[in-house]
Amino acid sequence: MLESLKQEVLEANLDLVKRNLVILTWGNVSAIDRNTGLVVIKPSGVSYDDMKAEDMVVVDLEGNVVDGNLRPSSDTPTHLAIYRHFPEVGGVVHTHSTYATAWAQAGLPIPNIGTTHADTFHRDVPCTEEMSHEQIAEAYEAATGDIIAKAFEGMNPMHTPAVLVKHHGPFTWGKSAAEAVMNAQILEEVARMASITVALNPKVEMNPDLIDKHYERKHGANAYYGQKK
């Protein structure tokens, strides 16, 4: 079932290791087939060295396992909530990459203070609110997805395809699993740059016109970055 998507998700998970975004089993990638509403996700706690395409787990949007012999990632309910809240998303990544996680642990958004950030993320990368006792105790992973959605009220999640979950770590997404992985790598790099920049100049600010220019030239209706397709 969904064999090509399983292969895509396997390769995306292995790409996290190649890009130095995960160690041990600290991360996961999923992708959704919007035609069936089924999601393929990494199994829980399985070493990247040992993973095969047939180990990927297929679940529906309610979290029921449809295909697979292993338990899905413990973060599955968060991935599913993102797919439900953001219908344009095709792939989701969660890591504990160092710099992005540091900003999450500090409870701070990553400010848009440079064109490198603006080329991919139109706004500051938001950090979620504090989770309540009830959210943590009753349905922690699903509630994590819900507070991610709340952080994007008034924002387009496809224009800033990343979030920091307070005290936890980053999630990114894209139109595919591969794009979500790319956004995870970019997020880690802009988090590193922001850490250095804020240390040098805590009062730094970015011209909003320059932010818009850099975002629009790559992603706007009249984008001109790169080659014509």
Side-chain angles (χ1 to χ4, degrees), residues 2 4-13 15-16 21 27-42 56-63 66 72-73 75-95 100 109-110 112 117-128 141-165 169-188 190 211-212 214-226 229:
L2 299 177
S4 62
L5 195 59
K6 286 181 181 177
Q7 184 63 36
E8 179 184 331
V9 170
L10 170 67
E11 292 174 3
N13 274 285
D15 209 17
L16 292 181
L21 293 171
N28 40 71
V29 183
S30 70
I32 188 170
D33 178 0
R34 287 290 182 183
N35 291 325
T36 62
L38 297 177
V39 172
V40 177
I41 193 165
K42 171 185 175 287
M56 301 300 107
V57 185
V58 182
V59 299
D60 62 23
L61 281 170
E62 284 68 51
V66 176
S73 167
D75 292 308
T76 296
T78 306
H79 287 240
L80 299 181
I82 291 171
Y83 289 125
R84 289 194 299 269
H85 285 293
F86 305 151
E88 294 182 64
V89 169
V92 174
V93 168
H94 173 50
T95 75
I110 301 174
N112 194 339
H117 182 131
D119 281 342
T120 299
F121 306 118
H122 198 187
R123 303 299 180 206
D124 295 356
V125 175
C127 186
T128 64
E141 289 84 5
T144 299
D146 292 337
I147 65 167
I148 288 172
K150 186 174 181 180
F152 278 84
E153 290 178 354
M155 289 178 61
N156 186 328
M158 301 308 288
H159 288 187
T160 303
V163 71
L164 306 177
V165 177
F171 282 80
T172 60
W173 47 84
K175 294 180 180 178
S176 66
E179 185 174 281
V181 170
M182 179 186 70
N183 288 335
Q185 183 175 23
I186 296 170
L187 176 67
E188 177 62 8
V190 299
I211 291 173
D212 290 344
H214 268 259
Y215 183 80
E216 293 295 331
R217 74 174 190 159
K218 289 189 75 171
H219 306 285
N222 298 310
Y224 58 88
Y225 179 88
K229 297 181 180 178

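Between the side chains of H122 and N156, not a single donor N or O lies within less than 3.5 Å of an accepting N or O.
We find the CZ-CD1 distance between F152 and I147 to be 12.0 Å, quoted to the nearest 0.5 Å. To the nearest 0.5 Å, atom CG of residue D75 and atom CD1 of residue I82 are 9.5 Å apart. Taking CZ from R84 and CG from D146, the interatomic distance works out to 7.0 Å, rounded to the nearest 0.5 Å. Considering NE2 of H159 and CD of E216, their distance stands at 7.5 Å, rounded to 0.5 Å. The line from CG of N112 to CG of D119 is 9.5 Å long, rounded to the nearest 0.5 Å. Rounding to the nearest 0.5 Å gives a distance of 11.0 Å between NE2 of H85 and CG of L80.
Considering all non-hydrogen atoms of both residues, A149 and F86 come closest at CA-CZ, 3.9 Å. Nearest heavy atoms, R123 versus H117: O-NE2, 3.0 Å. Closest heavy-atom contact between T76 and I41: OG1-CD1, 3.4 Å. Closest heavy-atom contact between Y215 and F121: CD1-C, 4.3 Å. Between T128 and V165 the shortest heavy-atom distance is OG1-CA, 3.5 Å. The shortest heavy-atom contact between A151 and V163 is CB-CG2, 4.5 Å.
Between V58 and the choices L5, D33, L38, the side chain to side chain contact (heavy atoms under 4.5 Å, CB included) rule is met once, by L38.
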- Message: Walk me through whether H219 and Y225 qualify under side chain to side chain contact (heavy atoms under 4.5 Å, CB included).
- Response: CA-CA 8 Å; H219 306 285; Y225 179 88; over 6 Å; no
- Message: For I110 and L164: C-alpha separation, side-chain torsions, deciding distance, then whether side chain to side chain contact (heavy atoms under 4.5 Å, CB included) applies.
- Response: CA-CA 9 Å; I110 301 174; L164 306 177; 3.7 Å; yes
- Item | N183/T172 under side-chain hydrogen bond (donor to acceptor under 3.5 Å, both in side chains): CA gap, chis, key distance, verdict | CA-CA 6 Å; N183 288 335; T172 60; 6.0 Å; no
- Query: Checking side chain to side chain contact (heavy atoms under 4.5 Å, CB included) for the pair M158/K175: CA distance, chi angles, key distance, verdict?
  - Reply: CA-CA 9 Å; M158 301 308 288; K175 294 180 180 178; 4.0 Å; yes
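Put simply, the side chain of D15 never gets that close to the backbone of E11: no donor and acceptor are under 3.5 Å apart. When atom types are taken as modelled, the side chain of E141 and the backbone of T78 share no donor-acceptor pair closer than 3.5 angstrom.
Side-chain contact check for H79 versus V39: every heavy-atom pair is 4.5 Å or farther apart. The side-chain heavy atoms of V125 and P109, taken from C-beta on, include no pair separated by under 4.5 Å.
Within 6.0 Å of the NZ atom in K218, the count of heavy atoms belonging to other residues, nucleotides or ligands exceeds 12.
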